[in-house]
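Start at 1 and go down the list; that is how both ligands and their atoms are numbered. The basis for the numbers below is simple: all heavy atoms, side chains too, and nothing from hydrogens, waters or symmetry mates. Keep in mind that what you see is a predicted model, and the values were worked out from it rather than measured.
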Amino acid sequence: MVSYGVITPIEYLKGVGPARAEVLKAELGIHTFGDLLRYYPFRYIDRTQFHKIERLHPDMAAAQVVGRLIQLEERGERGERKGRRLVGILKDDTGTIELVWFQSIAWLRKSLQVGGVYVVYGKPQLFQQNLSITHPEMELYQRGAKEIGSMHLQPVYSSTDKLKKLSLDSRGILKLQAALLETLSSQLDEELPDYIVNLHRLMPLRQALTAIHFPRNQEELGQAIRRLKFDELFFIQLKLLKSKLLNTQKFRGHRFEVVGERFNTFYHKHLPFSLTQAQKRVIKEIRKDTASGAQLNRLVQGDVGSGKTVVALMTMLLAVDNGFQACLMAPTEILAQQHYQSITRLLRNQIASVQLLTGSTPRKDRRVIHAQLEDGSLDILVGTHALIEDAVKFKNLGFVVIDEQHRFGVEQRAKLWRKNAIPPHMLVMTATPIPRTLAMTLYGDLDISVIDELPAGRKPIKTMHLYENSRLRMFGFMKEEIARGRQVYIVYPLIKESEKMDLLYLEAGLETLMKEFPLPHYRISVVHGKMPVKDKEFEMQRFVKGETQIMVATTVIEVGVNVPNATVMIIENAERFGLSQLHQLRGRVGRGAEQSYCILMSGSKLSKESKLRLETMVRTNDGFEIAEVDLQLRGPGDLAGTQQSGVLNLRLADLTTDQALLTEVRARVIKVFQEDPQLSDLRHARLRQYLSQKEPGISWEKIS
Ligand code: ADP
Ligand code: MG
């Protein structure tokens with residue numbers, strides 16, 4: 001519950017005033033009392049944990065020492081910006097260590113006091129035989145100072161140069177927090193229903209907000225953090241699940257009453273293989289949704305090769321059986337074509353009518369397609385985002401499948417949504433496995449199905465990691481596979497920052513290849529992002545048709561392309577790719593019955609992280625396991641699709657480490673809505689109030 005005190009503008013806080021308020025707003029986004037209160041320390045100085053200088057060594061991740069700053073001087077030439085640095089020497093009773101700064105030199109010279117005793121925090125490193133700490137955090141050590149100085153756990157807030165100039169360094173911010181808590185203490189009302197606080201054994205909110213800024217001990221701090229993380233996750237889930245509820249209540253869905261003839265004929269007569277258990281389960285889940293009378297919004301996750309296309313096709317047939325049209329949208333022309341081909345192949349020109357619509361569909365064909373869509377004679381339309389153009393009108397669109405979801409924005413989804421008076425069911429398919437916790441947070445408004453099983457008989461791809469000195473061995477291996485009639489991908493990195501170098505590198509590699517694999521015996525395709533689209537498509541098609549045996553490419557082939565005869569994926573400079581990208585690339589092979597291989601080529605100098613990435617690739621083929629490692633390495637902010645979501649601006653909770661808490665929270669929110677969908681129960685008054693305040697645009701009261 002937001003009380004008046006919390007929304008008071010920050011300039012009214014004792015000790016702030018207009019000048020500081022301006023800077024607090026501009027630098028930290030702190031506009032109100034509440035904003036400041038939620039500006040949490042990013043770490044705590046544990047005053048029981050100091051290291052002696054002689055004990056420091058470069059393997060420590062970070063260390064805290066206390067000592068006297070006995071010297072401070074600038075080194076390096078004046079005019080020359082690069083080498084300019086500020087060097088301090090810190091001394092305790094066991095030795096000295098250098099402190100080095102390359103930035104904010106003028107400011108630091110003014111504010112640091114030679115002769116002062118400091119608490120210094122940072123990572124010790126060895127540079128030219130000397131132990132030093134670069135850009136350490138510095139805090140004057142005030143032994144015996146009342147209150148703040150006597151705290152065992154002293155909070156550290158991040159600050160900026162501009163704030164520091166107004167004496168709002170970490171300590172300055174701490175003083176503001178003290179003033180704030182004094183002003184607000186009687187007004188920090190509980191936000192959660194009391195019964196939830198009790199059931200989950202949560203520290204009361206007022207106490208938690210005090211303790212996170214002024215913890216008395218580690219135990220209290222831990223409880224405070226748990227409480228505040230709980231709230232953070234709780235309210236995100238509350239909003240997500242509420243909008244899901246809104247969707248299902250506001251939007252009636254087309255009811256697919258029957259499993260009809262087309263579906264059954266296809267299943268019993270056409271399907272050239274038997275479905276995996278996972279495919280069956282997912283089709284059942286979709287079938288259940290579409291029969292319910294509510295609109296379906298479901299995400300289907302399945303690793304590359306798990307057979308998502310046939311699931312999409314069968315659910316589209318379900319729509320057709322019930323008198324509706326269906327469409328499937330893919331992110332690129334080549335993928336749309338492949339879907340179209342595999343669907344027409346599976347249907348063998350029977351059962352349902354299918355057309356392909358992309359940017360390069362000739363105008364006269366387009367006109368025919370438009371007409372067929374409007375008179376209802378076309379059942380299934382496959383295509384690219386050409387599908388969402390206004391000219392494309394359906395007679396009765398009932399089911400939409402979107403492949404490789406993260407390439408499409410929310411806006412595009414909405415456009416498809418509006419192509420029928422009652423919005424069509426939406427099925428989103430992605431081959432980028434998203435760890436469960438992240439999926440729950442990101443797609444809380446979608447239901448999730450997982451195809452967690454590959455078709456039987458697939459041989460797991462064998463992955464190995466080779467260094468440059470094994471290149472000849474690699475060429476030999478390629479020749480063997482090509483002699484067996486197989487095809488090979490060779491992928492080079494190409495990123496914006498180093499585009500020119502990357503292209504040169506690709507060209508050099510290509511030259512070597514052409515010598516090693518000469519015409520006319522060998523034929524090579526080249527595809528990279530800098531080529532005109534037409535040429536790209538042409539080269540791609542040559543490889544797809546088997547006219548070339550080697551495809552040299554940048555990551556343009558990453559998504560979805562299906563050439564079952566390709567059995568070798570070679571990735572050059574593999575250390576430069578992210579894990580999920582490596583996994584996507586590897587997924588281009590292993591699509592047929594033959595044994596497939598992935599060879600990761602790398603330089604010999606590898607960072608710890610690159611090593612872990614390559615080792616992970618060699619160890620496992622499991623996309624979900626890889627996604628977990630990726631999440632731990634990079635954090636959720638970098639994962640595909642998370643940027644626009646806006647739900648990841650978490651202050652405290654960490655989706656990597658707080659999975660158990662998130663599960664607990666989500667289960668609670670679900671229970672709340674199950675027991676009281678309208679939140680009309682008196683127990684839930686606070687939640688109801690929270691939702692109506694935070695989103696004035698949606699009138700919560702109207703749903704009933
Ligand atoms: P993805 O999930 O990566 O989109 P696809 O749908 O392209 O995978 O399927 C990959 C290949 O596996 C296709 O050639 C498809 O026909 C085949 N396939 C799909 N399901 C099965 C199954 N149950 N048994 C055997 N092969 C299957
Ligand atoms: Mg696919």
Inset, instruction - Can you label the angle between the Tyr522 ring and the Phe517 ring as parallel, tilted or perpendicular, going by 30° and 60°? - result: perpendicular
Legend entry - Interfacing atoms of ligand 1 (cut-off 4.0 Å, heavy-atom, Leu275): 23 (N)
Inset, instruction - Just say parallel, tilted or perpendicular for the rings of Phe324 and His254, cut-offs at 30° and 60°. - result: tilted
Inset, instruction - Please state which part of Arg588 comes within less than 4.0 Å of ligand 1, counting heavy atoms only: side chain, backbone, both or neither. - result: neither
Legend entry - Aromatic ring proximity His465/Tyr467, centre distance under 6.0 Å: yes
Inset, instruction - Report the relative orientation of the aromatic rings in Phe543 and Tyr489; use parallel for angles under 30°, tilted for 30 to 60°, perpendicular for over 60°. - result: tilted
Legend entry - For ligand 1, the portion of Met429 having any non-hydrogen atom under 4.0 Å away: neither
Legend entry - Sub-4.0 Å heavy-atom approach of Pro272 to ligand 1: no
Inset, instruction - Examine the proximity of ligand 1 to Thr309 and report which part, side chain or backbone, both or neither, has a heavy atom under 4.0 Å away. - result: both
Inset, instruction - Pick one of side chain, backbone, both or neither for how Ala456 approaches ligand 1, counting any non-hydrogen atom pair under 4.0 Å. - result: neither
Legend entry - Any Arg458 heavy atom less than 4.0 Å from ligand 1: yes
Inset, instruction - Please indicate whether Asp375 has more than 12 foreign heavy atoms, meaning atoms of other residues, nucleotides or ligands, lying under 6.0 Å from its CG. - result: yes
